[in-house]
Amino acid sequence: AQTVTQSQPEMSVQEAETVTLSCTYDTSESDYYLFWYKQPPSRQMILVIRQEAYKQQNATENRFSVNFQKAAKSFSLKISDSQLGDAAMYFCAYRSAISYKYIFGTGTRLKVLA
Amino acid sequence: GAVVSQHPSRVICKSGTSVKIECRSLDFQATTMFWYRQFPKQSLMLMATSNEGSKATYEQGVEKDKFLINHASLTLSTLTVTSAHPEDSSFYICSASRFGPNNEQFFGPGTRLTVL
């Protein structure tokens, strides 16, 4: 069975600085998708970034980028130029290319300090 | 595009009553919808998968007679919590997928259920 681990329950970053959130996963599958979701206090899940496992190039979305290390089964999220609005829970998620199920990590609460 | 709504956003009910939560895809047809439960400060746990016109598939440990799911149309799925008890109090989130389950899921804003 696949698992997703987020080892940082909480992180803090100064406004305008850069922070990296860690995520590791375990799977025996070769084809899958990885996601980072943001859940602000409103509880609405918002897709931040996605990565297809078959792509070697790391995904980037504006200030958000990932470091995808397939061999190490690591999928970290880097937030550059942190803004107060980035404060939220961040969930790493795995989805098999075969199964439709999402497996979520336990989340990392990000605090942005003014 | 790809907006999913849930109604109600909050509901408080007495123990022993039933509560229905609606999940709607507003601007696309969702062949598959998913129901998650999120306990305070915890992750999302998949409860069941709902396919339009067929019976829902429940995850292990989820009581299908307690959590009734109906996916009557391509834009609506409902979750009914029957004979609710305080331990059913939680945050329930639905998501919807276009073109079958193997595509990105779009999440609703969630429903907070409190059972007194």
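Every chain is numbered from 1, with letters handed out A, B, ... down the list of sequences.
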State which residue, out of B/F91, B/F107, B/Y92, fulfils the ring pair (Phe, Tyr, Trp, His ring centres under 6.0 Å) condition with B/Y36. B/F107
Is there a donor-acceptor pair closer than 3.5 Å between any side-chain N or O of B/Q6 and the backbone N or O of B/I21? no
Go through the atoms of B/L44 and report whether side chain, backbone, both or neither lie under 4.5 Å from a heavy atom of chain A. both
Could you check A/Y32, A/F35, A/F75 and say which one makes a ring pair (Phe, Tyr, Trp, His ring centres under 6.0 Å) with A/Y25? A/Y32
Option that, when pairs with chain B are counted at under 4.5 Å, heavy atom only, ranks first among A/Q6, A/Q39, A/R50: A/Q39
Quick one: what part of A/F91 sits under 4.5 Å from any heavy atom of chain B, side chain, backbone, both or neither? side chain
Please classify the contact of A/L47 with chain B as side chain, backbone, both or neither, using a heavy-atom distance under 4.5 Å. side chain
So, does B/S9 use its side chain to make a donor-acceptor pair with the main chain of B/T111 at under 3.5 Å? no
